[in-house]
Amino acid sequence: MSKKLVSAIADMREEEALTLVRKMVADGTAPTVILDAAREAMGIVGERYEKGTYFLPELIMAGEMLTQITEIIRPELAKMPEVKRHGKVLIGTVKGDIHDIGKNIVTFMLDVNGFEVRDIGVDVPPQKFVEAIREFQPQVVGLSGFLTLAFDAMKETIEAIKAAGLRQGVKIMIGGGQITEQIKEYAGADAYGRDAMAGVSLAKKWLAK
Ligand code: B12
C-alpha cells in the first residue's frame with residue numbers, strides 16, 4: 001500500500017492518497033511508514049518540478065496533501081512510546097524560506113517526545129531568533145530550511161546568536177531539504193538532522209548531559 005500511496009501523492013490524486021492513508025491507519029500501519037512514503041513522493045514531486053513537468057500549483061498541492069496527511073496520522077504519532085524529558089527547544093524556518101511542512105513534523109515529534117517546543121514560524125530573521133532565545137531560554141535551537149538560500153540564512157542566524165553572546169548556552173541543530181553535514185560545517189551548527197526522529201535523538205542526547 002505504501003507504493004500506491006507514493007504514486008497517488010506524486011501524481012496529485014489527492015482523494016485517493018487521503019483514502020489510502022486512512023486505510024493504512026485503520027490497518028495499523030506505523031505512522032512513520034506513512035511519513036516515509038510521503039517523503040518519497042515529495043522527492044518525486046521535487047524532481048518533476050526541476051524537470052519542468054510540474055509547476056508551482058503542483059508544489060502547493062503536494063504541500064497541502066502532506067499537511068492533511070500529517071493531520072490524519074497525528075493521533076497515531078501521539079501514541080508512539082514517549083520518554084518524558086524536561087527541556088526546551090526553539091524552532092523556526094530561517095529568513096527567506098517559507099517551507100514549513102518538515103519543520104512542523106519535527107515540532108510535533110519533539111512535542112510528543114516530551115519537549116517543550118516553541119515554534120516561531122517561517123521566514124524568521126536572525127534577530128527574531130536571538131530575541132526568542134533570550135526570552136524562552138531553550139537548551140536546543142532548531143533551524144529549518146528547504147532552499148539553497150537557507151544556507152546563508154542559517155549561517156547569519158548562528159552568527160547573530162554568537163554576536164549576542166548566546167551561542168555557548170545553546171546547542172544548534174539544522175535540517176531540511178537541501179541541508180547536509182557540509183552545511184552544518186558552513187553554518188557553524190552543532191549537528192545536522194536528516195529527519196524528525198534524528199532531531200528528537202539529538203535533543204535527547206544533548207539534554208541527557
Ligand atoms: C511543498 C513544497 C513547497 C510548498 C511549501 C509548503 C509548505 N507549507 O511548506 C510551496 C509551494 C509553498 C513551495 C514554495 C517554493 N519552493 Co518548494 N518545495 C516543496 C517540496 C515539493 C516539498 C518540501 C516538503 O515539504 N517536503 C516534505 C518534508 C516532510 O520532507 P523532508 O525533507 O523529508 O522533511 C524532514 C527533514 O527535512 C527534516 N527537517 C526539516 N526541518 C528540520 C529542522 C531540524 C532542526 C531538523 C533536525 C530536521 C528537519 O525533518 C523533516 C521531517 O522528518 C520540495 C521538493 C523536495 N523534494 O523537498 C520543493 C523545493 C524545496 N522548493 C523549491 C523551490 C525552488 C520553491 C520556490 C522558490 C518556488 C518558486 N519559484 O516560488 C518557493 C520558495 C518560497 C520560499 N521563499 O520559501 C526547491 C528548492 C530548490 C533549491 N535548491 O533551493 C525544491 C527542492 C523543489 C525543486 N526540486 O526544485 N514549495
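Values in this document were obtained by computation on a predicted structure and should not be read as measured data. Numbers here simply count residues along the sequence, with the first being 1. Counting starts at 1 for both ligands and their atoms, in listed order.
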query: Which atoms from ligand 1 have a heavy atom of I105 less than 4.0 Å away?
result: 29 (C), 52 (C)
field: Pair listing, side chain to side chain donor-acceptor pair (under 3.5 Å) test, anchored in residues 17-31, at least two apart
entry: none
field: Numbered atoms of ligand 1 (with element) below 4.0 Å of V106, judged on heavy atoms
entry: 39 (N), 42 (C), 48 (C), 49 (C), 50 (O)
Contact (N/O only, under 3.5 Å) between E47 and ligand 1: no
message: Suppose we screen for side-chain hydrogen bond (donor to acceptor under 3.5 Å, both in side chains). Which residues come up paired with Y49, at least two apart in sequence or across chains?
response: none
task: Compare all side-chain heavy atoms of M42 with those of E47 and state whether any distance is below 4.5 angstrom.
output: no
field: V170 versus I133, closest heavy-atom pair with distance
entry: CG1-CG2, 4.2 Å
- prompt: Counting heavy atoms only, which part of A62 comes closer than 4.0 Å to ligand 1: side chain, backbone, both or neither?
  reply: neither
query: Is atom 67 (C) of ligand 1 less than 4.0 angstrom from some protein heavy atom?
result: no
message: I need the single residue from I72, L5, I9 that forms a side-chain contact (heavy atoms from CB on, under 4.5 Å) with L18. Which is it?
response: I72
task: Give the residue, atom name and distance (to 0.1 Å) of the protein heavy atom nearest atom 37 (O) of ligand 1.
output: G176 CA, 3.2 Å
- line: When distances are taken from atom 41 (N) of ligand 1, the protein heavy atom at minimum range is S144 OG, 2.7 Å
task: Please name all residues satisfying side-chain hydrogen bond (donor to acceptor under 3.5 Å, both in side chains) with N104, sequence neighbours left out, ordered by chain then number.
output: none
query: Which protein non-hydrogen atom lies closest to atom 34 (O) of ligand 1, naming both residue and atom, and how far is it?
result: G102 CA, 3.9 Å
task: Check ligand 1 against D195 and write out every atom of the ligand that is under 4.0 Å from a heavy-atom position of the residue.
output: 38 (C), 50 (O), 53 (O)
query: Any chain of hydrophobic side-chain contacts (each under 4.5 Å) joining L147 to I101?
result: no
- prompt: Given A150, A196, S201, G199, which one has a non-hydrogen atom that is nearest to atom 52 (C) of ligand 1?
  reply: A196
field: Any M197 heavy atom less than 4.0 Å from ligand 1
entry: no
task: Provide, to 0.1 Å, the distance between atom 22 (C) of ligand 1 and the closest protein heavy atom, together with that atom's residue and name.
output: M42 SD, 4.0 Å
message: With a 4.5 Å cut-off on side-chain heavy atoms, are D152 and Y186 touching?
response: yes
- request: Find out if a path of hydrophobic residues (ILVMFWY) with successive side-chain heavy-atom gaps under 4.5 Å connects I34 to M65.
  value: yes
statement: For G142, the atoms of ligand 1 under 4.0 Å from one of its heavy atoms are 45 (C)
Y54 side chain reached by M12 side chain, heavy atoms, under 4.5 Å: yes
- prompt: Does some non-hydrogen atom of G43 fall short of 4.0 Å from ligand 1?
  reply: yes
- line: atom 75 (C) of ligand 1 has as its nearest protein heavy atom I98 CG1, 3.6 Å
- prompt: Which atoms of ligand 1 are found less than 4.0 Å from any heavy atom of R194?
  reply: 36 (C), 38 (C)
task: Run the numbers on E131 and K128 for salt bridge (Lys or Arg N to Asp or Glu O under 4.0 Å), then give the verdict.
output: CA-CA 5 Å; E131 284 156 22; K128 195 168 162 198; over 6 Å; no
message: Quick check on atom 13 (C) of ligand 1 - does any protein heavy atom sit closer than 4.0 Å to it?
response: yes
message: What protein heavy atom lies closest to atom 84 (O) of ligand 1? Include the residue and the distance to one decimal.
response: T148 N, 2.9 Å
message: I want to check something: taking the side chain as every heavy atom from C-beta on, are K95 and P126 in contact at a cut-off of under 4.5 Å?
response: yes
query: Against heavy atoms of D97, which atoms of ligand 1 measure under 4.0 Å?
result: 78 (O)
field: Option among K184, R194, M154 that satisfies the side-chain contact (heavy atoms from CB on, under 4.5 Å) test with I179
entry: M154
Protein heavy-atom partner closest to atom 8 (N) of ligand 1 - residue, atom, separation in Å: D100 OD1, 2.6 Å
task: Check each atom of ligand 1 against the heavy atoms of L66 and keep those under 4.0 Å away; list them by number with element.
output: 27 (C), 29 (C)
task: Mark up the atoms of ligand 1 that fall under 4.0 Å of a heavy atom belonging to G193, in ascending order.
output: 46 (C), 47 (C), 48 (C)
task: Could you tell me the residue and atom name of the protein heavy atom closest to atom 81 (C) of ligand 1, and the distance to it rounded to 0.1 Å?
output: Q178 NE2, 4.2 Å
statement: So for L143 against ligand 1, with non-hydrogen atoms under 4.0 Å, the contacting part is backbone
Distance below 2.8 Å from atom 17 (Co) of ligand 1: protein N/O/S atoms: H99 NE2
query: Does the protein place any heavy atom closer than 4.0 Å to atom 19 (C) of ligand 1?
result: yes
query: At a non-hydrogen distance cut-off of under 4.0 Å, which region of I101 contacts ligand 1 (side chain, backbone, both, or neither)?
result: both
